[in-house]
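Position 1 is the first residue of the sequence; numbering continues from there. All heavy atoms count here, side chains included; hydrogens, waters and symmetry mates do not. On a predicted model such as this, the values are computed, not experimentally measured, just so you know.
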Amino acid sequence: MRSHKRIISKVKLLVEWDEGTAAYTANAVTVRREPFGCMAVVGADLPLHRKVRLVHPETGRKAEAEVVWRDHEAWDVGLELLKPDASFWGLKI
């Protein structure tokens with residue numbers, strides 16, 4: 001049995017990351033959220049273990065995350081928050 005709830009919902013996000021001196025941004029939408037991260041469709045081909053920043057545009061909050069899963073369809077990813085904070089999503093545990 002899970003110790004936390006998964007929530008099926010769509011939340012639009014921005015995903016930011018750096019490669020060398022260049023900064024990149026991609027649009028994303030969650031498919032499922034939970035206190036420790038999310039499954040999302042991201043408009044960029046992010047490799048496994050890429051460190052990213054998630055930006056919640058409605059609140060302006062940011063969270064550091066890591067790509068921990070990729071589907072064979074390159075845009076489907078699992079993102080794990082490096083410092084889990086359910087309040088980033090507006091979730092109550």
Distance (rounded to the nearest 0.5 Å) between [X] [atom1] and [Y] [atom2]:
X	Y	atom1	atom2	answer
R32	M39	CZ	CE	5.0 Å
R61	H56	CZ	NE2	9.0 Å
R70	D45	CZ	CG	4.5 Å
K83	F88	NZ	CZ	14.0 Å
W17	T25	CH2	OG1	7.0 Å

Inset, instruction - Considering non-hydrogen atoms only, spot the tightest contact between A28 and V42 and give its length. - result: CB-CG2, 3.9 Å
Inset, instruction - Could you tell me which non-hydrogen atom of A40 sits nearest to which non-hydrogen atom of L79, and how far apart they are? - result: CB-CD1, 4.4 Å
Which residues share a salt bridge (charged side-chain N to carboxylate O under 4.0 Å, His left out) with [X], sequence neighbours left out:
X	result
R50	E19
K12	none
D71	none

Inset, instruction - Just do the side-chain contact (heavy atoms from CB on, under 4.5 Å) check on V15 and L54 with the steps written out, would you? - result: CA-CA 5 Å; V15 179; L54 304 180; 4.0 Å; yes
Legend entry - Transitive ILVMFWY cluster of L14, excluding itself - 4.5 Å side-chain cut-off: V55
Legend entry - Minimum side-chain heavy-atom gap L13-V29 below 4.5 Å: no
Inset, instruction - Check whether any side-chain heavy atom of D18 lies under 4.5 Å from a side-chain heavy atom of R53, and answer yes or no. - result: yes
Inset, instruction - List in chain and number order the residues that pass side chain to side chain contact (heavy atoms under 4.5 Å, CB included) with V68, two or more places apart in sequence or in another chain; answer none if no residue qualifies. - result: E66, E80
Inset, instruction - Could you check L82 against K51 for side-chain contact (heavy atoms from CB on, under 4.5 Å), going step by step and ending with a plain yes or no? - result: CA-CA 9 Å; L82 298 181; K51 300 283 195 272; 3.9 Å; yes
Legend entry - Residues forming a side-chain hydrogen bond (donor to acceptor under 3.5 Å, both in side chains) with E64, sequence neighbours excluded: none
